[in-house]
Amino acid sequence: MTDNVLIAGAGPTGLALAIHLTLHHIPVRVIDGAPGPATTSRALGLQPRGAEVLERIGALGDLRERSQTMLNMSYNEGSQTVLRLHVGQAAASMPKQTLLISQAEIEGTLRQRLRELGGDVEWDTRLVGARQDGAGVTVTIQAADGTQQHIETAWLVGCDGAHSVVRKLAGIGFPGRKLIQDLLMVDVKAIWPYDRNGSTTWMDTGHMLSVTALPDDTWRVFSEPSAPPPEGLSEGEITDRVLQEFSRRSGIGLDTVTEVKWASEFRIHRRLADSYRRGRILLAGDAAHIQSPTGGQGQNTGLGDAENLAWKLVLVADGRADQRLLDTYEGERRPLAEKVLRATSTAVGIMLPDTRWKRLVRDKVVLPAVRLPAVQRKLLQVSSQLGISYRGGPLAPRSHGSGPRPGDRMPDIRCRRRDGGETTLHAAIGGRWVVLASDEGEAARHAEAAAAQLGVDRVTVLITVNKDVPDVVLIRPDGHIGWRGRPAPDKLTAWLNQMLWPA
C-alpha cells in the first residue's frame with residue numbers, strides 16, 4: 001500500500017515536491033494558510049540549478065521566454081561604478097542560464113504543472129497541530145472560518161517558510177543569527193538611467209542600497225536603514241524612507257517615480273535547522289535554512305531540497321525502500337546548506353564592510369580579483385549550483401577518480417531514446433531514474449535490473465551519442481550519478497540493495 005504525504009506550504013519548494021510525488025502516483029495533499037497565490041514576491045532569480053530542477057519535472061514552461069537572461073550586476077561607490085559582473089556573458093557557455101523573474105511567476109508555472117497532473121492547493125488552510133507515532137502523523141488543520149479537522153497522513157513535510165509551524169510542532173531547533181537588522185523594499189515604476197539588464201548596488205556607507213530592473217519600467221529598491229526603523233511602518237512610510245534614501249545616494253529626483261506598486265519590510269537571518277527529519281516529519285526549503293538573498297541561493301536551494309527528498313520519499317512511501325533512506329536526505333542536503341549559509345554571509349561581510357580595515361581589504365584585494373573574467377566565471381559556477389556533488393556523502397562514500405563519479409551531477413549530454421529520437425539527458429529524466437550506456441543492449445539489461453528494484457515505470461533507457469564510453473551509468477532522478485561501472489547488472493543490483501535496504 002502506498003503511503004500518503006501532506007505538504008504544508010505552497011511555495012516553490014512545496015509545489016516542486018508535490019509535482020514529483022504526483023508524477024509517481026504518491027497521494028499528496030498540499031495546504032497553505034494564505035488566502036490565495038502570492039502576487040508579489042521578494043525572490044527574483046532562478047539559478048541554472050533551479051531551472052534544471054523545473055525542467056526535470058516538466059515545470060519550466062515558458063519561464064525562459066519571460067525572463068531576463070543577459071544580466072549585469074554593478075556596484076557603486078557614490079556615482080562611480082567600481083565593479084561590474086557580467087553574469088549573462090559569463091553564463092553563455094553554461095548549459096543553463098540564470099533567469100531573472102519573480103518568484104510569483106515561478107509559483108504560477110509550478111501550480112499549472114501540478115494541476116496538469118491532477119493536483120491542487122488548498123488555500124486558507126492552516127496547520128495547527130501534529131502528533132506522530134510509528135505508523136503516521138495525526139494532523140489538525142484549520143479552515144478560514146475557524147473549523148478544525150483531524151486527518152491522518154503517513155508523512156508530513158514542512159515547506160512553510162522561515163516561521164515554519166511544522167518545524168515548531170516537531171520540536172526542531174532553528175539556531176542562527178541576524179545578518180542585517182532590517183531591510184526595506186519597494187517596487188516602483190520609474191525612468192531611471194541604470195542597467196535594464198540587472199542590478200545596481202551602492203556600497204559607500206556600509207548599508208545596502210540596491211535597485212534591480214524588472215519588466216515594464218519597474219524597479220525593485222532594497223534599502224538597509226542606518227538605524228533600526230520604528231515598528232509597524234505602513235507601506236507609505238516604508239516607501240518614503242526607501243525613496244528618500246535612494247534619492248540622497250543616487251542624486252536622482254523623486255519626480256521620476258510614476259507609480260508605487262508594493263512595499264515591504266523584513267529581516268535577513270542566517271539560520272539552519274538542527275535536523276531535517278524527526279520521525280515522520282521532514283523539513284525542506286526555508287523551513288530548514290534561511291540566508292541572505294545575496295546570489296539568489298534561497299529559492300534554488302529549496303528546489304534542490306525538494307528534488308532530493310522527493311525521489312527518496314517516493315521509494316519509501318511505495319514500500320520499495322527502508323525509512324533509513326530518508327536519513328540520506330539530511331546527509332546530502334544539510335552540508336550543502338551550511339556551505340551556502342557561509343558563502344552568502346561572507347559575501348555580505350565583504351561587500352558591505354562595517355570597519356575601515358575590512359573596507360580596505362575589499363577595495364585593495366577583493367575587488368581587483370573579482371574584476372578578472374576567470375574569477376567571475378568561477379563565482380558564477382558556484383552560484384549556479386551546477387557544481388554540487390554528493391561525493392563522500394551517505395550514498396557515495398567511496399567515490400573516487402576523474403570524470404563524473406557517483407555523487408556528481410551528470411552533465412546534460414545529448415542522448416538518444418530507444419525509439420531513435422534525440423534528447424538531452426536532463427530534459428528526458430522526467431522524475432525517473434536513467435540507465436545510460438553506449439550500447440543499447442547493455443542499457444536494456446541494466447535497466448531491467450534497476451526496474452526490478454525501483455519499479456518498471458520509474459526507469460528510462462538512454463543511449464549515449466559517444467560510442468567510446470565503456471561504462472554504464474545509473475542516474476538518479478535529481479540528475480546525480482548513483483552507480484557507474486563496466487557492464488555488470490549484478491553489481492548494479494547490489495548497489496541498489498545497499499541503498500534501499502542498508503544493513
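Along the sequence shown, residues are numbered consecutively beginning with 1. As the structure is a prediction and not an experimental result, all values here were calculated from the model. We use all heavy atoms of the structure for the numbers below, so side chains are in, but hydrogens, waters and symmetry mates are not.
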Open item on the list: Looking at Ser164 and Asp160, would you say the former's side chain and the latter's main chain have a donor-acceptor pair under 3.5 Å?
Closed with: no

Open item on the list: For Gln148, is the CD atom crowded, meaning more than 12 foreign heavy atoms sit under 6.0 Å from it?
Closed with: yes

TODO: State whether the side chain of Asp62 and the backbone N or O of Glu65 hold a donor-acceptor pair below 3.5 Å, judged by distance alone.
DONE: no

Task: Polar side-chain atom of Arg280 near backbone of Ala154 as donor-acceptor pair, under 3.5 Å - done: yes

Task: Within-4.5 Å side-chain heavy-atom neighbours: Thr212 and Leu100 - done: yes

TODO: Side-chain contact test, heavy atoms from C-beta onward, threshold under 4.5 Å: evaluate it for Leu60 versus Thr109 and give yes or no.
DONE: no

Task: Atom pair CG/CD1 of Leu315 and Ile26 - distance to nearest 0.5 Å - done: 8.5 Å

Task: Main-chain N/O of Asp478 paired to Arg56 side chain as donor or acceptor, under 3.5 Å - done: yes

Task: Sidechain-backbone polar pair: Arg278 side chain, Arg167 backbone, donor-acceptor under 3.5 Å - done: no

Task: Side-chain (His446) to main-chain (Glu442) donor-acceptor, under 3.5 angstrom - done: yes

Open item on the list: Checking side-chain contact (heavy atoms from CB on, under 4.5 Å) between Pro394 and each of Met499, Arg324, Glu332, which is the one that passes?
Closed with: Glu332

Task: Short side-chain donor-acceptor distance under 3.5 Å, Tyr390 and Arg333 - done: yes

Open item on the list: For Ile101, is there any backbone N or O sitting under 3.5 Å from a side-chain donor or acceptor partner on Arg66?
Closed with: no

Task: Check: Ile481 and Arg405 side chains under 4.5 Å, non-hydrogen atoms - done: no

- [ ] Drop me the distance from Asp32's CG to Leu127's CG, to the nearest 0.5 angstrom.
- [x] 11.0 Å

Open item on the list: If I take atom CG from residue Leu313 and atom CD from residue Gln323, how far apart are they, to the nearest 0.5 angstrom?
Closed with: 10.0 Å

TODO: Could you check Val316, Val28, Ile281 and say which one makes a side-chain contact (heavy atoms from CB on, under 4.5 Å) with Trp155?
DONE: Val316

- [ ] Check the surroundings of atom CZ in Arg131: do more than 12 heavy atoms from other residues, nucleotides or ligands lie under 6.0 Å from it?
- [x] no

Open item on the list: Applying the side-chain contact (heavy atoms from CB on, under 4.5 Å) criterion to Leu6, which one of Thr153, Val166, Val157 satisfies it?
Closed with: Thr153

Open item on the list: Tell me if a side-chain donor or acceptor on Asn497 pairs with a main-chain N or O of Leu500 at a distance below 3.5 Å.
Closed with: no

Task: Parallel, tilted or perpendicular: ring planes of Tyr276 versus Tyr329, cut at 30 and 60 degrees - done: tilted

Open item on the list: With a 4.5 Å cut-off on side-chain heavy atoms, are Leu436 and Met410 touching?
Closed with: yes

Open item on the list: Closer than 4.0 angstrom, basic N to acidic O: yes or no for Arg445 and Glu448?
Closed with: no

Open item on the list: Closer than 3.5 angstrom, by distance alone: can the side chain of Asp412 be matched with the main-chain N or O of Leu425 as a donor-acceptor pair?
Closed with: yes

Open item on the list: So does Gly198 get a backbone contact from the side chain of Arg196, meaning a donor-acceptor N/O pair under 3.5 Å?
Closed with: no

Task: Rounded distance [0.5 Å steps], CG in Leu492 versus CG in Leu496 - done: 5.0 Å

Task: Heavy-atom side-chain proximity of Arg432 to Leu454 below 4.5 angstrom - done: no

Open item on the list: Are more than 12 heavy atoms, taken from residues, nucleotides or ligands other than Gln498, located less than 6.0 Å from that residue's CD atom?
Closed with: no

Task: Pairing of Arg49 and Glu52 as salt bridge, 4.0 angstrom limit - done: no

- [ ] Looking only at non-hydrogen atoms, find the nearest pair between Arg271 and Gly176 and report the distance.
- [x] NH1-N, 3.4 Å

Task: Val340 and His289, any side-chain heavy atoms less than 4.5 Å apart - done: no

Open item on the list: Under 3.5 Å, is there a donor on one side chain and an acceptor on the other for Thr125 and Arg29?
Closed with: no

Task: Asp318 and Arg458 ion-paired at < 4.0 Å - done: yes

Open item on the list: Less than 4.5 Å apart, side chain to side chain, heavy atoms only: is that true for Val314 and Leu21?
Closed with: yes

TODO: Kindly check if the number of other-residue, nucleotide or ligand heavy atoms within 6.0 Å of CZ (Arg320) is above 12?
DONE: yes

Open item on the list: Are the side chains of Leu23 and Ile57 in contact, using a 4.5 Å heavy-atom criterion?
Closed with: yes

Task: Arg64 bridged to Glu55 by N-O distance under 4.0 Å - done: yes

